[in-house]
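Computed over heavy atoms, backbone and side chain alike; hydrogens, waters and symmetry mates excluded.
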Amino acid sequence: MLSEKLWYPRLQLASDCSLLVTFGDAISRQHHLDVLRLFLLLRSEARPAIRNIHPAYSSLLISFDSLVVGTAAFETYVHDLIGRIDSVAISPSRTVEIPVCYDKEFGPDLEFVAAHNDIRVDEAIHYHTSIDFLVYFLGFSPGFPYLGDLPKQLVTPRLSTPRVKVPAGSVAIGGSQTGIYPVDSPGGWRIIGRTPTRLFQSGNASPTLLQMGDVVRFKLITRKQFEQMVEKEQMGGWG
């Protein structure tokens with residue numbers, strides 16, 4: 001069997017104006033670093049042909065203007081960039097503490113997550129607050145962080161039927177991932193708590209609190225602390 005090294009990174013046209021770069025077929029911190037380095041390099045180049053850059057766990061989708069550059073030329077350009085990613089310097093990860101209230105009202109699926117994994121609710125909360133989660137990328141909705149490396153004791157399948165509305169600030173689990181809903185939206189992940197911290201503010205120069213490469217640490221808070229923080233958040237955001 002040929003090793004992954006012989007097959008990746010893989011470049012393939014996703015459409016006549018988008019190129020998909022894949023570094024592997026699994027969630028890993030090494031693939032994340034490759035994606036992040038290429039993402040930073042593409043942003044620093046600021047080529048007019050590039051329309052959007054969409055990072056994921058182990059891949060990057062690049063949309064480009066095919067009237068400005070041909071597909072073959074653009075693929076060659078990206079291939080050359082990949083050869084330079086090892087030289088891209090990455091700043092130390094920023095750690096962001098996210099307070100979470102795990103009360104039943106805010107975490108309607110927490111008991112299911114615990115029962116599914118044959119653990120107690122307090123154990124589920126402990127596992128969720130015991131490690132640092134890496135922000136692999138943002139997606140789905142503005143500022144939604146995809147946080148991998150969920151402890152195996154919390155891995156739980158998504159809902160068979162998504163909820164029509166998930167409240168902003170809901171902290172949830174979907175398979176081996178955890179995340180936070182920045183705005184009210186539909187969603188099929190298992191909701192286990194809620195944070196008073198706003199992750200998305202459209203009026204800010206930097207509208208998303210979290211960025212790819214950040215580290216998130218969840219902190220257990222009481223209902224009273226949650227209400228106090230909500231009041232404080234309403235008086236002003238992060239900037």
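Here the side chain of Ser93 pairs a donor or acceptor atom with the backbone of Gly213 at under 3.5 angstrom. Side-chain N or O atoms of Ser59 include none that pairs as donor or acceptor with a backbone N or O of Ala56 at under 3.5 Å. For Asn117 (side chain) and Ala114 (main-chain N/O), no donor-acceptor pair under 3.5 Å exists by modelled atom type. Of the possible polar contacts, none joining the Thr22 side chain to the Gly24 backbone as a donor-acceptor pair under 3.5 Å is found. In terms of modelled atom types and a separation under 3.5 Å, the side chain of Thr197 and the main chain of Thr195 share no donor-acceptor contact.
In the hydrophobic clustering of ILVMFWY residues, with side-chain heavy atoms under 4.5 Å counting as a link, Val215 and Leu36 come out apart. The cluster map of Ile, Leu, Val, Met, Phe, Trp and Tyr, joined by side-chain heavy atoms under 4.5 Å apart, puts Leu159 and Val164 in different clusters. Both Ile82 and Ile62 belong to a common hydrophobic cluster when Ile, Leu, Val, Met, Phe, Trp and Tyr are linked at side-chain heavy-atom distances under 4.5 angstrom. Linking Ile, Leu, Val, Met, Phe, Trp and Tyr whenever their side-chain heavy atoms come within less than 4.5 Å puts Val113 and Leu220 in one cluster. Following chains of ILVMFWY side-chain contacts shorter than 4.5 Å, one cannot reach Leu67 starting from Leu19, and the two form parts of different hydrophobic clusters.
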Thr95/Asp214 under side chain to side chain contact (heavy atoms under 4.5 Å, CB included): CA gap, chis, key distance, verdict:
CA-CA 6 Å; Thr95 298; Asp214 284 346; over 6 Å; no
I'd like to know whether Val100 forms a side chain to side chain contact (heavy atoms under 4.5 Å, CB included) with Ile221, so could you lay out the CA-CA distance, the side-chain angles of the two residues, the decisive distance to 0.1 Å, and finally the verdict.
CA-CA 6 Å; Val100 181; Ile221 59 172; 5.6 Å; no
Leu154 and Ile119: CA distance, side-chain angles, deciding distance, side chain to side chain contact (heavy atoms under 4.5 Å, CB included) verdict
CA-CA 9 Å; Leu154 296 178; Ile119 58 176; 4.2 Å; yes
Residues Val121, Glu111; criterion side chain to side chain contact (heavy atoms under 4.5 Å, CB included); working and verdict
CA-CA 6 Å; Val121 167; Glu111 289 185 355; 4.0 Å; yes
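Residues satisfying the salt bridge (Lys or Arg N to Asp or Glu O under 4.0 Å) criterion with Arg10, sequence neighbours excluded, are absent altogether. With sequence neighbours left out, Ser185 forms a side-chain hydrogen bond (donor to acceptor under 3.5 Å, both in side chains) with no residue at all. Remark: Ser28 pairs with Gln30, His31 by the side chain to side chain contact (heavy atoms under 4.5 Å, CB included) rule, at least two apart or across chains. Remark: Glu105 pairs with Arg223 by the side-chain hydrogen bond (donor to acceptor under 3.5 Å, both in side chains) rule, at least two apart or across chains. For Gln177, the side-chain hydrogen bond (donor to acceptor under 3.5 Å, both in side chains) criterion is met by Tyr57, not counting sequence neighbours. Evaluation of the ring pair (Phe, Tyr, Trp, His ring centres under 6.0 Å) rule for His54 yields no partner, not counting sequence neighbours. Applying the side chain to side chain contact (heavy atoms under 4.5 Å, CB included) test to Lys224 and every residue at least two apart in sequence or in another chain returns Thr222, Gln228. With sequence neighbours excluded, the residues that form a side chain to side chain contact (heavy atoms under 4.5 Å, CB included) with Thr71 are Leu13, Phe64.
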Taking only distance into account, with no hydrogens and no angle test, what donor-acceptor pairs under 3.5 Å do side-chain atoms of residues 127-147 form with protein atoms, sequence neighbours excluded?
from	atom 1	to	atom 2	distance (Å)
His128	ND1	Tyr102	OH	2.8
His128	NE2	Thr178	OG1	3.0
Thr129	OG1	Ile125	O	2.9
Thr129	OG1	His126	O	3.3
Ser130	OG	His126	O	3.2
Ser130	OG	Tyr127	O	3.0
Asp132	OD1	Arg217	NE	2.8
Asp132	OD1	Arg217	NH2	3.4
Asp132	OD2	Arg217	NH2	3.1
Tyr136	OH	Asp149	OD1	3.2
Tyr136	OH	Asp149	OD2	3.2

Report all side-chain donor-acceptor pairs from residues 41-53 shorter than 3.5 Å, counting only partners two or more places apart or in another chain.
from	atom 1	to	atom 2	distance (Å)
Ser44	OG	Leu40	O	3.4
Ser44	OG	Leu41	O	2.7
Glu45	OE1	Tyr77	OH	3.2

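We find the CD1-CH2 distance between Ile180 and Trp189 to be 10.5 Å, quoted to the nearest 0.5 Å. Here Leu209 contributes atom CG and Ile98 contributes atom CD1; the two are 5.5 Å apart, rounded to the nearest 0.5 Å. Annotation: the span from Phe23 atom CZ to Arg37 atom CZ amounts to 10.0 Å, rounded to 0.5 Å.
For the salt bridge (Lys or Arg N to Asp or Glu O under 4.0 Å) condition, the pairs that include at least one residue of residues 162-190, sequence neighbours left out, are Asp109-Arg163, Lys165-Asp184.
The two atoms that bring Ala124 and Leu110 nearest to each other are CB-CD1, 4.1 Å, heavy atoms only. Scanning all heavy atoms of the two residues, the minimum distance from Pro182 to Leu199 falls at CB-CB, 4.0 Å. Residue Val166 comes nearest to Pro186 through the heavy atom pair CG2-C, 4.2 Å, listed as atom of the first residue, atom of the second, then distance. When every heavy atom of Gly175 is checked against every heavy atom of Arg158, the shortest pair comes out as N-CG, 4.3 Å. Heavy-atom minimum distance, Ser170 versus Arg194: N-CG, 4.0 Å. Of all heavy-atom pairs between Pro196 and Val230, the closest is CB-CG2, 3.7 Å.
In this structure, Asp80 places its CG atom where more than 12 heavy-atom neighbours from other residues, nucleotides or ligands lie under 6.0 Å away.
Hydrophobic cluster membership for Leu20: Leu61 (Ile, Leu, Val, Met, Phe, Trp, Tyr linked by side-chain heavy atoms under 4.5 Å, directly or transitively).
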